[in-house]
Amino acid sequence: MAPAVLWTLAFFVAPFTIMAAMSLASLEGRELVWAISFDNYHKLFTQPFLTKAIWVSLQITLTVTVISVLLAYPLAWIIAFRVPKRWQRLVLLLSILPFWTSYVVRSYSWLLVMSREGVINNSMLSLGLISEPLQMASSRLATVTGFVHFFVMLLTLTIFANLVQLSPNYRRAAVDLGASSWQAFRHVILPLTMPGIMVGAFLTFVLCIGDYITPQILGGNNELTVPQVIMMQLGRRGDFPLASAMSLVLMGLVTLAYIATARWLRLDRI
Amino acid sequence: MRMIQWFYLAVAFTFIYLPVASLVLFSLKDGNLPLPPFEGPTLRWYQDVLSDSQLMAALGHSLLVAVSSSLVACTLGFLAAYGLARHVLPGSVFMRGLLIAPMTVSYLIVGLGLLIVFNQLGIGVSLWAAGIGHVVINLPLCFAIIYASMGAQQQNAEHAARDLGANEGRVITLVTIPMLAPAILAAFFLAMTLSWDEFVIAFLLTRFEVTLPVEIWSLLRSGLSSKTNAIGSLVFLGSVTVVLLLEIFLFGRRRA
């Protein structure tokens, strides 16, 4: 056990502490000055592009989380209760197979579909549905689509696992007692699957808000998310203190999401 | 109602497969731009990929980092799980929390933290650094998976072995590890997949020798190209083959 604890201390806790300390330092010219100042955090509210990045990240992440849950739930439901038992495992496996595309390549593939001369524009033009190609790539729409694609697969898996655990007796009991199938779903099945949904939603939130690849490939440069701003500080400006402060903000947002969903999450059970 | 459900399933599958299908289809196109209309098919982009020494080197680096970092993560995770499950220690709740903690943090932050440390110490970044980062993110998973599968059943078998005179080392190698093999293998393969596909840590912590996702990233800078489609399709087909083999041989057998 000692080696694992030492490893975590040396390569996670220590770097994290140094990063937190660095968020209080500042950059003068190219020179790093260790200090205790809250300038970097002050900048988050005074520099419009930083404030905007936080908003953009939150908006995209919340949109993605809600849409992904709404799309994945019916899919998991159909696979769990409508697909014949012997095909179930195959259909589930097929519905998450593209999960194993490399993450970078998956975002890139959406460019093929959504670019100006891409698959969607090309087929809609030849079907005569539109007369001008639609501008889809390099936009928030593209970023959200790329994210939703990934998380629908993830959530289908987690929600499916939840649904098949439910005994069909709950639903039968509700229907016997006079509930319509909608009422049985709304008042019995949905509350029972809520913990599973929330675990999935929390996971989606955490992975989505911290992701750099998808918005960088699909989002264009009109609006930047927090991870994009962090990478920009590292690359172009070498401003590690500001990047550190932004990283801690990112962690703060994840903590808020945790607090919001904590009553359904039982991470302490692990 | 039935009809709507099958229709929904069809639409969902179209959405899920649209990008992958485009990726694979246009990797076979006889032309530079992987966009409609389709011409071909040709395998020349695959030939191009296989003869690209930089891509092949990156593939080798990725395999190396994935296998070795997963081995380390699994070993450390197993030892920690064994220690915490078998011995009553002061502060074991705290240590469990500490070991799980990296799971709650974005990869970007793990990578940035390590980059800052390496910079401050004046150590250059390398595949080693990326490997260390991958152990940090995979250790909590390996620990959690192996810890969760340790039950009273193994403990009884271990007691029996000890009563019969086995020393600690023999108990671990002859009783504990074989009994936990499914969990350890699952943890190992999960860690390997995550490391193999991990981008941001590898991007921050490597420079001259890079892993495959980082190399693909630098290909993307030149825009859409059929060659990128080919390498993407190859990685996809490779992973799918591995997943199917695992499903059939490793996890299929356990169910049977």
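So you know, we letter chains A, B, ... as the sequences are listed, proteins then strands, and number each from 1. Please read all numbers here as calculations on a predicted model, not as lab measurements.
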Task: Heavy-atom proximity to chain A below 4.5 Å, by part of B/A12 - done: side chain
Task: B/V242, part contacting chain A, at a heavy-atom distance under 4.5 Å - done: neither
Task: Proximal component of B/V136, with respect to chain A [non-hydrogen, under 4.5 Å] - done: both
Open item on the list: Counting only non-hydrogen atoms closer than 4.5 Å, does B/W196 touch chain A with its backbone (N, CA, C, O), its side chain (CB onward), both, or neither?
Closed with: neither
Open item on the list: If I measure from the heavy atoms of chain A, does B/L139 come under 4.5 Å with its side chain, its backbone, both, or neither?
Closed with: side chain
TODO: Might you point out which heavy atoms bring A/S247 and B/I109 nearest each other, and give the distance in Å?
DONE: O-CD1, 3.4 Å
Task: Test side-chain contact (heavy atoms from CB on, under 4.5 Å) applied to A/V83 and B/W6, step by step - done: CA-CA 9 Å; A/V83 174; B/W6 294 123; 4.2 Å; yes
Task: Test side-chain contact (heavy atoms from CB on, under 4.5 Å) applied to B/L9 and A/L75, step by step - done: CA-CA 7 Å; B/L9 194 66; A/L75 184 59; 3.5 Å; yes
Task: Exam field: side chain A/Y103 to backbone B/P213, donor-acceptor pair closer than 3.5 Å - done: no
- [ ] Pick one of side chain, backbone, both or neither for B/F13, based on which atoms fall under 4.5 Å of a heavy atom in chain A.
- [x] side chain
Task: Side chain / backbone / both / neither for B/E198 at chain A, heavy atoms under 4.5 Å - done: neither
Task: Top contributor to chain B interface from A/S126, A/A14, A/A72, A/G118 [non-hydrogen pairs under 4.5 Å] - done: A/G118
Open item on the list: So, taking the atom named CG in A/L97 and the one named OH in B/Y17, what distance separates them when rounded to the nearest 0.5 Å?
Closed with: 4.0 Å
Task: Sub-4.5 Å side-chain heavy-atom contact between B/L76 and A/T8 - done: no
Open item on the list: Is there a side-chain contact between B/L224 and A/L112 in this structure, where contact means two heavy atoms from C-beta onward sitting under 4.5 Å apart?
Closed with: yes
Task: Interface residue of largest heavy-atom contact number with chain B, from A/I217, A/I209, A/T156, under 4.5 Å - done: A/I217
Task: Proximity breakdown for B/Y82 and chain A, heavy-atom pairs closer than 4.5 Å - done: neither
Task: Student check: side-chain heavy atoms of B/W217 and A/I213 closer than 4.5 Å - done: yes
Open item on the list: Which one wins on heavy-atom pair count under 4.5 Å against chain A: B/V110, B/T75, B/L98, B/L212?
Closed with: B/L98
Open item on the list: What part of B/A73 gets within 4.5 angstrom of chain A, counting heavy atoms only: side chain, backbone, both, or neither?
Closed with: neither
Task: chain A contact via B/T193 - which portion, at a heavy-atom distance below 4.5 Å - done: side chain
Open item on the list: Between B/L108 and chain A, with a heavy-atom cut-off of 4.5 Å, which part of the residue counts as in contact: side chain, backbone, both or neither?
Closed with: side chain
Open item on the list: Looking at every heavy atom in both A/Y108 and B/P34, which two are closest together, and how far apart are they?
Closed with: OH-CG, 3.8 Å
Open item on the list: For a quick test of reading the model, state the closest non-hydrogen atom pair linking B/A80 to A/A4 and the distance between them.
Closed with: CB-CB, 3.7 Å
Open item on the list: Below 4.5 Å, heavy-atom pairs only: which of B/F15, B/F78, B/F118, B/F26 has the largest tally toward chain A?
Closed with: B/F15
- [ ] With sequence neighbours excluded, tell me which residues meet ring-ring contact (aromatic ring centres under 6.0 Å, His included) with A/W182.
- [x] A/F185
Task: Flag side-chain contact, heavy atom, 4.5 Å: A/M231 against B/L204 - done: yes
- [ ] Name the option with the most non-hydrogen atom pairs under 4.5 Å to chain B; the candidates are A/R82, A/M114, A/M19.
- [x] A/R82
TODO: Measure the spacing between CG of B/L234 and OG of A/S102 and express it to the nearest 0.5 Å.
DONE: 12.0 Å
Open item on the list: Any non-hydrogen side-chain atom of A/Y212 less than 4.5 Å from a side-chain atom of B/F199?
Closed with: yes
Task: B/V235 side chain near A/T101 side chain, heavy-atom distance below 4.5 Å - done: no
TODO: With a 4.5 Å cut-off on heavy-atom pairs, point out which of A/L94, A/L111, A/I18, A/V13 contacts chain B the most.
DONE: A/L94
Open item on the list: So which atom in A/W34 and which in B/Q120 form the shortest heavy-atom distance, rounded to 0.1 Å?
Closed with: CZ2-OE1, 3.7 Å
- [ ] Using the side-chain contact (heavy atoms from CB on, under 4.5 Å) rule, take A/W7 and B/V135 through it: C-alpha gap first, then chi angles, then the decisive distance, then the call.
- [x] CA-CA 9 Å; A/W7 187 283; B/V135 175; 3.4 Å; yes
Open item on the list: Quick check on the 6.0 Å ring-centre criterion: do A/W77 and B/Y8 meet it?
Closed with: no
Open item on the list: For a 4.5 angstrom cut-off between non-hydrogen side-chain atoms, does B/L112 reach A/F240?
Closed with: yes
Open item on the list: For the CG atom of B/L220 and the OG atom of A/S107, what is their distance to the nearest 0.5 Å?
Closed with: 9.0 Å
Task: Within-4.5 Å side-chain heavy-atom neighbours: B/F236 and A/V105 - done: no
- [ ] Identify which of A/F16, A/F12, A/W100, A/F11 forms the greatest number of heavy-atom pairs closer than 4.5 Å to chain B.
- [x] A/F12
Task: Heavy-atom closest pair, residues A/L250 and B/S106 - done: CD2-OG, 4.2 Å
- [ ] Quick one: closest heavy-atom pair of B/I16 and A/P98, and the distance?
- [x] CG2-CG, 3.5 Å
Open item on the list: Less than 4.5 Å to any heavy atom of chain A: does that hold for the side chain of B/N229, its backbone, both, or neither?
Closed with: both
Open item on the list: Need one label for B/L244: side chain, backbone, both or neither, based on atoms under 4.5 Å from any heavy atom in chain A.
Closed with: side chain
